[in-house]
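Each remark here refers to the structure printed beneath this line.
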Amino acid sequence: MINGTKILFIGPMGAGKTTAITCISDDPPIKTEASNSARHISDKQTTTVAMDFGRIYMDQFNAIDLYGIPGQEHFDFLWPILEKGALGAIFLLNCDTTDQIIQNSLEKFCNDFSRLRDNSAIVIALNRANENAVSLCHNWLRENNIVLPVLMADPRNRDDIIMTLELLIATAEVDLLPEGEIHDAG
Amino acid sequence: MLGENLAFPPTLKMKCDSVLNDFASSENHLSFLSLSTADGYSLSHSDPAHVELNFRRISAMASSFAGISKELARETHHPAMEGSIIECQTGFLVCRLLKTEHLDAVLLGVFNNESNHGIALWTLNNIAKSITDMLNVYK
Ligand SMILES: Nc1nc2c(ncn2[C@@H]2O[C@H](COP(=O)(O)OP(=O)(O)OP(=O)(O)O)[C@@H](O)[C@H]2O)c(=O)[nH]1
Ligand SMILES: [Mg+2]
């Protein structure tokens, strides 16, 4: 029996969740893609309609299970179902858009995944981003009193996503330790 | 509107509404019908009697269900999934994928317990054919 740690990939349509999971999964991922009828929101052929699932094997007994949400808002009934039992989430965000859309997405996903947000168990990974987008994101977090790590990562790049995953696991696991143990562990 | 995004000609929506309503009212075993894009936007539905339903959610759920069914079928070496069934004590739900020239869609038929598998599948196939013919001429 393999013991799996559940990690979620969240973010709006076209952020790169399916791309990232496909890029790092050891097994061929399970995908639920359907024709995209909203090409003006994200100009790609398909979109996720239920979930993505991939797996990275750590050793014979331990794995990291990767779950991707469908990013479009009408699928938000699935988000709490997929979130159950997750250690943390990688929040992917395509910054090649307006500041307003970036801020709306930050607000939407930080609110809808508030358990993970409050446990500091989210890493924000910006793609197609410049320094302006990074500052915008930092400023928004500061104004909303939210402390989460922000980095730039390309969902098509395995090293970028593995590094993001390592940061998430380190951050989320430290937070899981009862107070006091952080010093002992360090 | 095609869901909340693309332009779905209003005349086509009216035609779809009317076909779905005609079938739903003439078939006693059929509670209601919902038509959505394969990516979960509501296109059209019949007006169900006596119940308040949220077709935005139903359309999204039907497309998720179709997506999972398709993947499960593919995983078990049945690549060309056409539809799937949910069986309940009070009736059943049948989902059908419609591949048309311009649009992939999901048709959901909800049947009460006056129905049975054979009649439900046969009825939904007929409705699927009418809707597919109509969508095929849509540009
Ligand atoms: N140029 C560029 N393209 C990128 C980058 N990151 C992702 N993409 C592209 O953006 C698209 C992302 O699509 P998906 O992986 O389907 O996005 P998703 O988040 O799963 O979207 P939904 O399932 O629709 O919610 C893919 O075509 C990627 O190749 C990037 O950093 N640069
Ligand atoms: Mg996806």
Side-chain angles (χ1 to χ4, degrees), chain A residues 8-15 17-19 21-22 25-55 65-84 97 101 104-105 108 112, chain B residues 1-9 12-13 34-45 53-77 79 81-84 95-108 135 138-139:
Chain A
L8 216 55
F9 285 70
I10 64 175
M13 181 188 197
K17 302 172 294 292
T18 303
T19 306
I21 289 173
T22 306
S25 177
D26 288 332
D27 290 333
I30 291 169
K31 302 186 205 182
T32 56
E33 297 291 296
S35 295
N36 171 20
S37 72
R39 295 293 278 258
H40 65 291
I41 301 177
S42 180
D43 191 14
K44 53 183 191 140
Q45 275 204 309
T46 65
T47 181
T48 304
V49 295
M51 59 180 271
D52 306 304
F53 175 75
R55 180 170 261 186
D65 290 340
L66 314 163
Y67 287 79
I69 65 161
Q72 301 195 65
E73 277 186 36
H74 54 273
F75 292 119
D76 60 6
F77 70 93
L78 277 171
W79 299 354
I81 299 172
L82 292 169
E83 192 243 25
K84 268 190 201 129
T97 180
I101 291 178
N104 291 348
S105 298
K108 172 88 190 140
D112 283 15
Chain B
M1 289 279 280
L2 183 53
E4 296 144 17
N5 49 62
L6 303 179
F8 186 58
L12 181 59
K13 176 169 167 34
S34 154
L35 178 70
S36 52
T37 61
D39 57 344
Y41 291 97
S42 177
L43 291 175
S44 171
H45 57 81
L53 293 169
N54 180 339
F55 282 95
R56 178 184 179 270
R57 276 169 67 84
I58 290 170
S59 297
M61 288 178 178
S63 86
S64 294
F65 177 58
I68 292 265
S69 306
K70 198 167 140 193
E71 186 62 19
L72 178 59
R74 200 193 56 76
E75 192 75 14
T76 53
H77 306 288
M81 193 276 261
E82 292 176 346
S84 38
C95 245
R96 223 155 167 47
L97 289 185
L98 309 185
K99 280 219 163 267
T100 73
E101 228 175 289
H102 310 284
L103 178 72
D104 288 352
V106 176
L107 177 67
L108 170 72
L135 292 180
Y138 147 69
K139 300 234 171 359

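The chains referred to below are lettered A, B, ... by the order of the sequence lines, with proteins before strands, and numbering in each begins at 1.
- Counting only heavy atoms from C-beta outward, the side chains of B:Arg56 and A:Glu73 approach each other to under 4.5 Å.
- Of the inter-residue distances, the one linking A:Phe77 atom CZ with B:Arg57 atom CZ reads 7.5 Å to the nearest 0.5 angstrom.
- Between B:Ala38 and A:Ala34 the shortest heavy-atom distance is O-CB, 3.5 Å.
- For A:Ser35, the parts lying near chain B are the backbone and the side chain together; criterion is any non-hydrogen pair under 4.5 Å.
- A distance of 10.5 Å separates CG of B:Asp39 from CD of A:Glu33, quoted to the nearest 0.5 Å.
- Here the NZ atom belonging to A:Lys31 is positioned 9.5 Å from the CZ atom belonging to B:Arg74, to the nearest 0.5 angstrom.
- The residue among B:Ser59, B:Gly40, B:Ala66 with the most heavy atom pairs within less than 4.5 Å of chain A is B:Gly40.
- Closest heavy-atom contact between B:Ser64 and A:Ala50: O-CB, 3.8 Å.
- Between chain A and the options B:Lys70, B:Glu75, B:Met61, heavy-atom pairs under 4.5 Å are most frequent for B:Met61.
- The neighbour count for B:Glu82 CD, taken as heavy atoms of other residues, nucleotides or ligands under 6.0 Å away, does not exceed 12.
- The minimum heavy-atom distance between B:Tyr41 and A:Ser37, with the atom names listed, is CD1-OG, 3.7 Å.
- Atoms CD1 and CD1, from B:Ile68 and A:Ile30 in turn, are 8.5 Å apart once rounded to the nearest 0.5 Å.
- More than 12 non-hydrogen atoms from other residues, nucleotides or ligands lie less than 6.0 angstrom from NZ of A:Lys44.
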